[in-house]
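Below is one structure, written out as structure tokens, with a few remarks after it.
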Amino acid sequence: MKKVTFICDRSLDNQLNKLEQIADRSSLVNHLVHGYGLNSKLIVLKNVIAKDDEVLSFHSTDYINHLKDLNDVKDIDEHEDNEEEYGLGYDCPLIYGIFDYVSAVVGSSLTAARSLIDGSANIAINWYGGWHHAQRDEARGFCYANDIVCAINLLRQKFQRVLYIDLDIHHGDGVENAFEYSQNVLTFSLHKYEVGFYPGSGAITDVGRGNGKFYSVNVPLKDGIRDEAYTKIFNRLLEVLMQAFHPDTLVVQCGCDSLAGDPLGTFNLTLKGYGNCVKTILSWQKPTLFLGGGGYNITNAARCWTYLTSLILGCNIATDIPDNHFFERYGPGFDLDIAEGNRPDCNSEDDIDNCISIITGTQLICFRHYLFVQCDSKN
Ligand SMILES: CC1(C)CN(C2CCCC2)C(=O)N1c1ccccc1/C=C/C(=O)NO
Ligand SMILES: [Zn+2]
């Protein structure tokens, strides 16, 4: 019997509602999960606010003290040093109660991770987390603290090797940067990589540094990628990486701004594309933490994460949206599925095959080295 924990907490909904671009997104997810009756199969966990030292497992003391100073400030202009420092400003506007917000969101991913560490679950779901751009000492890209890095640091207290997978349309730069020199955390990100597209990092040649060289894997993609090509590249690359890296646990960022119909709208995935990736991940039967992230078509985010929750539980759910608190928001079709867009796919067959051969070539060399090192150390 698969034990799946699920973070659901109204105080977290209130915290996330402070971000206007995703206001009430988490409430829609939770009500749709409930509407499908999935919550009766989940171990629903209340949030535990992160302690300072847990947030400081990654973030700098200066940055966290700055957030504490700003916690009761309503508008950055009121604050003496209101020029954009620590990343607070345009992309990351100051939100009221910023430190309380960060402690709650980091706490949500730590609460989920703890259930994998204490063995009360083999899979943990936290759709409140996944804020992959935040750096050690600054907010970035709408991410104020990196709950993912804090959760990986906690998981590493029990699990030796962690595989991080990032499905968001944006490069998971904050997580990659945090573990750039580590060979115990392999970061794998599929993302749009084009001049002028945020954050601008994540080229195929970006493979990590020092001992961590080759343990950052980046799959740069162009506009319009569809389920079939995305699934092919995902399965082919991860087949190699799983055999070579042998992770003890996985952390998966399921940002759903790669879906067709997202206001950023440049990828063309449907629930099938995300579902194929999650099915592959589930087949490895490793302790796994699933997180949210981007996703700005609010009802599509609810559709996607509810569907993924049902896959994780092994439950088939109807395509008709069930009665729930936000039912009318799913009109006019009231359908769980998301239609594929008709934007052209700018990724040719050759582009995809090139990506696969370049990466599997590099990674194989690296992991062959890794295996020798492992063999040597055992002799
Ligand atoms: C402000 C929002 C978050 C919203 N948004 C879109 C959605 C709809 C219309 C604008 C963005 O591009 N944003 C950003 C703005 C500056 C920097 C980063 C992001 C997004 C990061 C992200 O999703 N990472 O996974
Ligand atoms: Zn994103």
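Being a predicted model, the structure only gives us computed values, none of them experimental. Just follow the structure's listing: the first ligand is 1, and inside any ligand the first atom is 1.
Evaluated for a side-chain contact (heavy atoms from CB on, under 4.5 Å) with Thr309, the options Asn39, Val29, Leu42, Leu32 yield exactly one hit, Leu42.
Looking at heavy atoms from C-beta onward, Ile321 lies in side-chain contact with Phe327 at the 4.5 angstrom threshold. Side-chain contact between Lys2 and Asn122: present, with at least one pair of heavy atoms (C-beta onward) separated by less than 4.5 Å. Using a 4.5 Å heavy-atom threshold, the side chains of Thr5 and Ile123 count as separate.
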Item to check | Criterion salt bridge (charged side-chain N to carboxylate O under 4.0 Å, His left out) on Lys222 and Asp351, from CA distance to verdict | outcome: CA-CA 9 Å; Lys222 300 188 181 76; Asp351 290 338; 3.3 Å; yes
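Within the set Tyr296, Trp131, Phe197, Tyr198, the minimum heavy-atom distance to atom 5 (N) of ligand 1 is found for Tyr296.
Ion pairing of Asp257 with Lys192 is absent here, as no side-chain N (NZ or NE/NH1/NH2) approaches a carboxylate O to less than 4.0 Å.
When distances from atom 13 (N) of ligand 1 to the protein are checked, no heavy atom turns up under 4.0 Å. Counting only heavy atoms, the protein gets under 4.0 Å from atom 18 (C) of ligand 1.
If you number the atoms of ligand 1 from 1 as listed, the ones under 4.0 Å from a heavy atom of His133 come out as 21 (C), 22 (C), 24 (N), 25 (O). Counting atoms of ligand 1 from 1 in the listed order, those under 4.0 Å from a heavy atom of His132 are 24 (N), 25 (O). Atoms of ligand 1 found under 4.0 Å from any heavy atom of Phe142 (numbered from 1 in listed order, with element): 3 (C). Interface of Asp168 with ligand 1, defined as ligand atoms under 4.0 Å from a residue heavy atom, comprises 24 (N), 25 (O).
Atom 8 (C) of ligand 1 has Pro263 CB, 3.5 Å as its closest protein atom, hydrogens excluded (heavy atom only). Ranking protein heavy atoms by distance to atom 11 (C) of ligand 1, first place goes to Leu264 CD2, 4.7 Å. Summary of contacts: the protein heavy atom closest to atom 15 (C) of ligand 1 is Asp91 OD1, 4.5 Å. Protein heavy atom closest to atom 1 (C) of ligand 1, with residue, atom name and distance, is Gln21 NE2, 3.5 Å.
Proximity of Asp262 to ligand 1, defined as any heavy-atom pair under 4.0 Å, is not found for any part of the residue.
Side-chain atoms of Asn153 and Arg156 include no donor-acceptor pair closer than 3.5 Å. The closest side-chain donor-acceptor pair between Asp173 and His133 falls under 3.5 angstrom. Defined by atom type and a distance below 3.5 Å, a donor-acceptor pair is missing between the side-chain atoms of Asp350 and Ser348. No side-chain donor-acceptor contact under 3.5 Å links Asn218 and Tyr193. With hydrogens and angles left out, the side-chain atoms of Gln135 and Asn177 include a donor and acceptor closer than 3.5 Å.
Linking ILVMFWY side-chain heavy atoms closer than 4.5 Å, directly or via other members, places Leu308 and Leu238 in a single hydrophobic cluster.
Protein N/O/S atoms closer than 2.8 Å to the Zn ion (ligand 2), listed by chain and residue number, are Asp168 OD1, His170 ND1, Asp257 OD2.
No heavy atom of Arg140 sits closer than 4.0 Å to any atom of ligand 1.
On a distance-only criterion, His170 and ligand 1 share at least one N/O pair closer than 3.5 Å.
Within a 6.0 Å sphere centred on CG of Asn342, other residues, nucleotides and ligands contribute 12 heavy atoms or fewer.
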